[in-house]
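Note on naming: letters A, B, ... go to the chains in the order of the sequence lines (proteins, then strands), and numbering restarts at 1 for each one.
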Number of protein chains: 2
Amino acid sequence: MDHNEQRPPSQRAPRADARQNRIRILAAAHARFAVDGLAAEMDAIAREAGVAVGTLYHHFGTKEALLEAVVVDGLEHLAAYMQALLAEPDPWTGVERLLQYMAERQMNDRAFGELIGAQPTLRATTTATKRSLGPLIQQILQRAQASGQLRMDVVVGDIPLLLAGLSERTMTPATCQRYLDIVLSGLRVKQTPPAPSGLPLIW
Amino acid sequence: MDHNEQRPPSQRAPRADARQNRIRILAAAHARFAVDGLAAEMDAIAREAGVAVGTLYHHFGTKEALLEAVVVDGLEHLAAYMQALLAEPDPWTGVERLLQYMAERQMNDRAFGELIGAQPTLRATTTATKRSLGPLIQQILQRAQASGQLRMDVVVGDIPLLLAGLSERTMTPATCQRYLDIVLSGLRVKQTPPAPSGLPLIW
DNA sequence: TATTATATTGAACCATGGTTCAATTTGTCA
DNA sequence: TGACAAATTGAACCATGGTTCAATATAATA
């Protein structure tokens with residue numbers, strides 16, 4: 001509060017051990033959140049990272065912040081995958097793959113599943129995720145709608161809802177498959193307009 | 001442990017105030033569980049019932065037992081409604097109404113929604129519910145399958161999963177309707193076999 | 001190597017919420 | 001109306017789990 005403590009936005013390079021620990025913590029947190037969901041305990045994460053709890057709080061100020069760091073960390077992969085889906089020749093395939101991917105992700109990462117469902121909890125994290133992924137999902141959906149394959153009334157927010165059933169439970173691959181099958185079938189526009197072959201489909 | 005404490009299965013009639021309180025508690029518990037879900041606090045229930053916490057534990061030994069009492073309490077209505085659905089002329093209507101009813105119930109009663117989803121938690125309550133409702137749901141489904149309207153691969157356990165998205169969130173009636181629409185559409189068998197009119201449909 | 005800012009430690013703190021139980025009140029019945 | 005079992009009370013107990021912080025250790029730099 002005295003001297004000339006004008007911190008130029010970037011301080012000093014973090015210490016080597018600190019950098020290592022940060023990585024270890026993120027890995028451990030990811031693992032524990034995946035298995036235990038949002039209920040994962042800070043002590044457990046610390047133990048798995050080979051570090052004391054205090055260190056978690058030194059790096060990330062709070063449990064929620066740690067969670068957010070983990071989530072944001074994995075966000076790029078997700079975004080990249082969705083970007084790729086936009087390049088799919090068949091728009092409907094994009095929708096299929098999108099749901100399949102989210103489903104798989106939910107099965108492997110409990111916290112992920114719990115996050116995309118809940119609305120008001122953990123404002124920050126949820127917001128960050130939705131901000132980042134929402135527009136991409138929207139494009140995927142719109143493309144499939146424009147091609148007449150996806151119900152016109154579906155909106156981005158429907159996707160997490162429809163996938164909620166896959167969270168927090170153990171289910172056989174068969175059950176999971178059937179679930180996706182049903183939802184996808186429900187999302188798809190029913191009768192492809194009886195198009196007597198020979199005429200252009202849309203106009 | 002001494003004297004002749006052979007309790008003939010029925011003891012003595014419960015006291016009048018106790019009977020009143022039991023009712024008040026059940027009502028309060030129902031209300032709080034509906035609003036706060038399984039996280040409803042015993043103190044809050046007691047307060048709402050105009051009673052001390054200890055009384056809750058006198059009547060029901062534990063929070064889980066209280067929850068179960070509340071659930072079992074409402075089970076008859078549910079069972080009765082489902083029974084009625086079996087009398088529906090059109091089997092598919094039975095499925096529609098079943099989902100609609102469960103959905104509505106989930107929207108109005110948070111604990112209900114949380115219960116039908118979770119698998120290993122609260123073994124007793126969950127078991128009781130499923131024991132009682134499972135067979136009925138199964139009949140409704142089988143009837144619709146026999147009539148060729150419902151996907152043949154659907155099993156009882158799929159229904160809670162498919163409805164999970166409606167739990168723990170606030171959603172507009174429109175969204176809820178769309179959700180049900182999608183799921184029901186996904187459950188329904190696609191093309192009614194193109195049956196050139198004049199021939200019997202099934203054989 | 002001496003110095004110091006940066007990191008780490010983990011026991012202790014605290015809030016939450018289910019549960020207990022000795023003291024007290026109250027319904028019931030002779 | 002006594003007398004006693006049944007019922008109620010609510011403060012205290014306890015476990016859980018996130019968070020703090022003074023003491024300590026360590027990497028970086030001169």
Would you say [X] places a side-chain N or O within less than 4.0 Å of OP1 or OP2 belonging to [N]?
| X | N | value |
| --- | --- | --- |
| Thr62(A) | dG18(D) | no |
| Thr55(A) | dT9(C) | yes |
| His59(B) | dT8(D) | yes |
| Tyr57(A) | dT19(D) | yes |

Atom [atom1] of [X] and atom [atom2] of [N]: how far apart are they, to the nearest Å?
| X | N | atom1 | atom2 | answer |
| --- | --- | --- | --- | --- |
| Leu56(B) | dA11(D) | CG | P | 15 Å |
| Glu64(A) | dT19(D) | CD | C1' | 14 Å |
| Asn21(A) | dA25(D) | CG | C1' | 13 Å |
| Asp36(B) | dG17(C) | CG | C1' | 13 Å |
| Gln20(A) | dT26(D) | CD | P | 16 Å |
| Leu67(B) | dT19(C) | CG | P | 12 Å |
| Ile25(B) | dA7(D) | CD1 | C1' | 11 Å |
| His58(B) | dG18(C) | NE2 | C1' | 19 Å |

Side chain proximity check, [X] to [Y], heavy atoms < 4.5 angstrom:
| X | Y | answer |
| --- | --- | --- |
| Met82(B) | Tyr101(B) | no |
| Gln106(A) | Ile116(A) | yes |
| Leu98(B) | Met102(B) | yes |
| Ile182(B) | Val154(A) | yes |
| Leu136(B) | Tyr81(B) | no |
| Gln145(A) | Gln142(A) | yes |

- prompt: The side chain of Val53(B) lies closest to which of these nucleotides: dT9(D), dT19(C), dT8(C)?
  reply: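 Comparing dT9(D), dT19(C), dT8(C) against the side chain of Val53(B), the answer is dT19(C).
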
task: Could you check which of dT9(C), dA7(C), dA11(C) has an atom nearest any side-chain atom of Val51(A)?
output: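 The nucleotide sitting nearest to the side chain is dT9(C).
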
field: Contact summary for Arg32(A) and Glu48(A), nearest pair of heavy atoms
entry: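 Of all heavy-atom pairs spanning Arg32(A) and Glu48(A), the closest is NH1-OE1, 2.8 Å.
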
Distance-only donor-acceptor check, side chains Glu64(B) and Thr62(B), under 3.5 Å: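 Judged by distance alone, the side chains do not pair up.
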
query: Quick one: on DNA chain D, does Ala39(A) or Gly54(A) contact a more 5' nucleotide (nearest heavy atom)?
result: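 So the residue in question is Ala39(A).
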
message: By the definition side chain to side chain contact (heavy atoms under 4.5 Å, CB included), identify the one residue from Val156(B), Leu161(B), Leu163(B), Val155(B) that meets it with Ile159(B).
response: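 Testing Ile159(B) for a side chain to side chain contact (heavy atoms under 4.5 Å, CB included) against Val156(B), Leu161(B), Leu163(B), Val155(B) leaves exactly one candidate, Leu163(B).
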
field: CG on Leu166(B) to CD on Glu104(B), rounded to 0.5 Å
entry: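 The CD atom of Glu104(B) sits 11.5 Å away from the CG atom of Leu166(B).
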
Any residue of residues 40-50 of chain B with a heavy atom less than 4.0 Å from an atom of DNA chain C: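 Close to the strand are Ala40(B), Glu41(B), Met42(B).
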
Taking only nitrogen or oxygen atoms into account, show me every contact under 3.5 Å that the protein makes with nucleotides 28-30 of chain D, one pair per line with its distance.
from	atom 1	to	atom 2	distance (Å)
dA28(D)	OP1	Ala16(A)	N	3.1

